[in-house]
Amino acid sequence: QVQLVESGGGLVQAGDSLRLSCAVSGRTFSMYYMGWFRQAPGKEREFVASLSRSGGTTYYADSVKGRFTISRDNARKTVYLQMNSLRPEDTAIYYCAADRFGVGGVRAAEYESWGQGTQVTVSS
């Protein structure tokens with residue numbers, strides 16, 4: 001398994017941008033599909049975006065498509081989530097996740113390793 005540490009969250013206004021980072025420890029980072037999920041108060045954890053091992057294939061939830069971009073730097077062992085045009089409904093704790101054996105799907109159960117999360121709050 002790998003260890004994941006998210007950073008970059010904060011309090012912003014609607015329309016602003018944030019970039020989340022997820023630093024991954026371990027020598028096999030390039031062998032993991034990576035994903036971002038989020039959980040708002042009182043709601044279930046939901047899929048945001050995922051990325052293939054090479055970074056060549058990405059998937060997004062409809063709610064963030066066109067506004068968020070997931071990317072990875074295998075040399076730095078880091079995954080990013082660039083979030084633009086933020087909305088109050090994007091407020092949540094954002095979690096980074098790693099999937100070693102699957103294809104980085106939309107279900108949280110497919111991911112074996114998780115970070116502790118970083119809070120993103122968007123005010124109107």
Task: Face-on cation placement of Arg72 at Tyr32 ring, 6.0 Å and 45° thresholds - done: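 The answer is no, since Arg72 fails at least one limit relative to Tyr32.
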- [ ] Using the ring of Tyr33 (Phe, Tyr or Trp, six-membered ring only), decide whether Arg53 places NZ or CZ under 6.0 Å from its centre and within 45 degrees of its axis.
- [x] no
Could you measure the distance from the [atom1] atom of [X] to the [atom2] atom of [Y]? Nearest 0.5 Å is fine.
{"X": "Gln1", "Y": "Thr28", "atom1": "CD", "atom2": "OG1", "value": "10.5 Å"}
{"X": "Thr58", "Y": "Met34", "atom1": "OG1", "atom2": "CE", "value": "14.5 Å"}
{"X": "Glu110", "Y": "Phe47", "atom1": "CD", "atom2": "CZ", "value": "9.5 Å"}
{"X": "Cys96", "Y": "Leu4", "atom1": "SG", "atom2": "CG", "value": "4.5 Å"}
{"X": "Gln3", "Y": "Gln116", "atom1": "CD", "atom2": "CD", "value": "8.5 Å"}
{"X": "Arg38", "Y": "Tyr95", "atom1": "CZ", "atom2": "OH", "value": "13.0 Å"}

Open item on the list: As a quick check of understanding, evaluate salt bridge (charged side-chain N to carboxylate O under 4.0 Å, His left out) for Asp90 and Arg87, giving each step before the final call.
Closed with: CA-CA 5 Å; Asp90 295 317; Arg87 304 167 180 169; 5.3 Å; no
Task: side chain to side chain contact (heavy atoms under 4.5 Å, CB included) evaluation trace for Ile70 with Tyr80 - done: CA-CA 6 Å; Ile70 187 172; Tyr80 303 98; over 6 Å; no
Atom pairs and distances, side-chain donor-acceptor, residues 8-22, under 3.5 Å, sequence neighbours left out:
from, atom 1, to, atom 2, distance (Å)
Asp16, OD2, Gln13, N, 3.1
Ser17, OG, Asn84, OD1, 2.9

Just so I know, are the side chains of [X] and [Y] near enough to count as touching, which here means a heavy-atom distance under 4.5 Å?
{"X": "Arg100", "Y": "Tyr111", "result": "no"}
{"X": "Trp36", "Y": "Glu6", "result": "yes"}
{"X": "Leu81", "Y": "Val48", "result": "yes"}

Open item on the list: Asp99: which residues meet the side-chain hydrogen bond (donor to acceptor under 3.5 Å, both in side chains) condition with it, sequence neighbours left out?
Closed with: none
Are more than 12 heavy atoms, taken from residues, nucleotides or ligands other than [X], located less than 6.0 Å from that residue's [atom1] atom?
{"X": "Gln119", "atom1": "CD", "answer": "yes"}
{"X": "Tyr59", "atom1": "OH", "answer": "no"}
{"X": "Lys65", "atom1": "NZ", "answer": "yes"}

Open item on the list: Ring-plane angle category for Tyr94 and Phe68, please: parallel below 30°, perpendicular beyond 60°, tilted otherwise.
Closed with: tilted
TODO: For the pair Ile93 and Thr118, evaluate side chain to side chain contact (heavy atoms under 4.5 Å, CB included) and give the outcome as yes or no after the intermediate values.
DONE: CA-CA 5 Å; Ile93 299 174; Thr118 185; over 6 Å; no
Task: Nearest atoms (heavy-atom pairs only) where Phe37 meets Gly105 - done: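 Here Phe37 and Gly105 meet closest at CZ-O, 4.3 Å.
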